[in-house]
Amino acid sequence: MSQKPTLPKGTRDFGPAQMGKRNFIFSAIKQVFEKYGFMPLETPAMENLSVLTGKYGDEGDQLLFKVLNSGDFLSKAKETDFAAGSKQLLPKISEKGLKYDLTVPFARYVVMNRHDLALPFKRYQIQPVWRADRPQKGRYREFYQCDADVVGTNSLICETEIILMINEVFAKLGIKDFDIKINHRKILTGITQAIGATGKESDFCVAIDKLDKIGIDKVLEEMKGRGISEEATQKALPILALTGTIEEKIAHLKNILQNSEEGLQGIKDLEEILETLKTFDLDQHHVDFDVTLARGLSYYTGAIFEVKVNNVSIGSVSGGGRYDDLTGVFGVPDLSGVGFSFGVDRIYDVMEELDIFPEEARTSTEVLIIHFDDESKKYGLSVLNQLRKVGIKSEIYPDSAKPKKQFDYANKKNISYTIVIGSDEIATQKLSFKNMASGQQEKLTLEEILKQLSKH
RNA sequence: GUGGUUGUAGUUCAGUUGGUUAGAACGCCUGAUUGUGGUUCAGGAGGUCGUGGGUUCGAGUCCCAUCUUCCACCCCA
């Protein structure tokens, strides 16, 4: 009885072709992170549920994958727990969960190791995370995040450096048309004060975050639905419709927020970030100030970012922001951090949609050795040894097979060159070196072949 | 979590109001070609129709459940 194997919902295999492309993205990100002084960190796939729960809101808790206790997981549960429902039963049968993002495990790490850390601590982390979400295009239940965070400094240089890193990574990847949207949590707070909806900040944010998706009318409707007064929504209207350059928007908002100390502080932060950016003289920084950017995660308290690639059907590919008190829930207050994350799976989808993966992302074997009989196969092994000694990615067809089969193998693996060896080649010491793309073939000594290959 | 959608050969898809033995293209294998792949030609293999029930004389087709896919909402990378 054989059964067809299947994958769990929302998970994927990555074949060699995909991995070549994925690694291309990973290494671009890694190089940039390290160039900016971030050090790698890895944390376990599982965390204790006490670490994870309550950090992402009720919605987030629901999306956590819980791991059943090992052994007799029912042993601690009583009938009364079972009768009381899942919420009561859960802690009795599950103590661990798969991590939901990289920021909370990072905060946990900082707290556990704070005496050893050189503050400010800069780390990057590239690992899979899991969410029990319903999958869709660009949304998976297992996906990779690439986080870089700095903790232990309030300096806005960090924010500027995030903008620089995003620019560098996208330049490496060849993504040209994108916007780094930036906003500030304090500006959002300021706006709610200015329009007379103080305290309604999170309702306000949830509503305006949808602006580009559902349009201004529906946003105003949603605000009313969330208990923001008619008068306030009317006041919000011109603010949400702000246009012009970053400088113009800032000037305008300064006026609107003149009575909000918090709002003005947010503006000041933004100005400083942009001012610092100037000293790095980028041709184009892709930054756009977007007052409607809110972002869901509630722990952000300062600048917030989101990156959108234009003219593709994928949502944001990167996001982040500053959080003043991330480690507070673990008993270490007043440690400010700022960080952001690249969504590799989405960047992959974007690059696939734009068809901009370079040839180098499709690395394969460079040379296949093809042989006709046992003698030439044996001779081929010594040739193979020479190729590998100089670092050429090479392999020999391991079985004795017809040349057609061996050539088919080379085609299928997209191998650029073949070296064909038979009795003639052994006798003359001149090997048949074939370019698989052009079909051209010439008889060369091994040394000449090595010279040819080193050019590529 | 709510509502909808999808599933037929390795892959992409046909398959009539329920009616004989479920098709095509591409891919795969063999040969034409025993020292040369991509092209061409000839032949061949490959399907518990997602899974489990039900209705019917008869189900790929209708009904129910379940899994999966994609989409919208919620939320998010």
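Numbered from 1 within each chain, the chains take letters A, B, ... in sequence-line order.
Remark: A/Arg226 CZ to A/Thr233 OG1 distance equals 14.5 Å, nearest 0.5 Å.
Within 3.5 Å, a donor on the side chain of A/Arg346 pairs with an acceptor on the base of B/C76, or the reverse. Put simply, the side chain of A/Thr418 and the base of B/G37 share no donor and acceptor less than 3.5 Å apart. A donor N or O paired with an acceptor N or O is not found under 3.5 Å between the base of B/G38 and the side-chain atoms of A/Asn411. Judged by atom type and distance alone, A/Arg134 reaches the base of B/U2 through a side-chain donor-acceptor pair under 3.5 Å. Judged by distance alone, with hydrogens and angles left aside, A/Gln441 brings a side-chain donor or acceptor within reach of the base of B/U36, the pair sitting under 3.5 Å.
With rounding to whole Å, A/Asp133 atom CG is found 15 Å from B/U69 atom C1'. Atom NZ in A/Lys181 sits about 15 Å away from atom P in B/A77, given to the nearest Å. Between the P atom of B/U39 and the CE atom of A/Met436 lies a distance of 12 Å, rounded to the nearest Å. The interatomic distance linking A/Arg139 (CZ) with B/U68 (C1') rounds to 18 Å, in whole Å. In this structure, A/Gln136 atom CD and B/C73 atom C1' are separated by 9 Å, rounded to whole Å. Between the NZ atom of A/Lys55 and the P atom of B/C76 there is a distance of 17 Å, given to the nearest Å. One can place NZ of A/Lys9 at 16 Å from P of B/G7, the figure rounded to the nearest angstrom. In this structure, NZ of A/Lys405 is placed 12 Å from P of B/C28, rounded to the nearest angstrom.
Using a 4.0 Å heavy-atom distance criterion, A/Gln145 is classed as a sugar-phosphate-only contact. Across all strands shown, A/Gly439 has heavy atoms under 4.0 Å from base atoms, whether or not it also approaches the sugar-phosphate. In this structure, A/Val206 reaches the sugar-phosphate backbone alone: every heavy-atom distance under 4.0 Å involves primed, P, OP1 or OP2 atoms, never a base. When heavy atoms are screened at a 4.0 angstrom cut-off, A/Ser341 is found touching no nucleic acid atom at all. Here A/Gly422 lies in heavy-atom contact (under 4.0 Å) with a base. Looking at heavy-atom distances under 4.0 Å, A/Asp345 makes no contact with the nucleic acid at all. If you check every strand for non-hydrogen atoms under 4.0 Å, A/Ala132 touches nothing.
The side chain of A/Lys210 places an N or O atom within less than 4.0 Å of a non-bridging phosphate oxygen (OP1 or OP2) of B/C75.
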Please list, one pair per line, the donor and acceptor atoms closer than 3.5 Å that link side chains of residues 32-42 of chain A to other protein atoms, with sequence neighbours excluded.
from	atom 1	to	atom 2	distance (Å)
A/Glu34	OE2	A/Tyr124	OH	2.5
A/Lys35	NZ	A/Glu168	OE1	2.8
A/Tyr36	OH	A/Glu168	OE2	2.8

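Relative to the side chain of A/Glu425, the nucleotides B/G3, B/G31, B/U36 differ in distance, and B/U36 lies closest.
Atom name P, nucleotides B/A59 and B/G54: the rounded distance is 12 Å, in whole Å. For the C1' atoms, the distance linking B/G58 with B/A22 amounts to 16 Å, nearest Å.
Ring pair A/Phe178/A/Phe170: centre-to-centre distance below 6.0 Å.
In this structure, A/Arg131 satisfies the cation-pi test against A/Tyr100, with its NZ or CZ atom closer than 6.0 Å to the six-membered ring centre and inside 45 degrees of the ring normal.
Between A/Arg141 and A/Asp133 there is no salt bridge, since no side-chain N of the basic residue sits under 4.0 Å from a carboxylate O of the acidic one.
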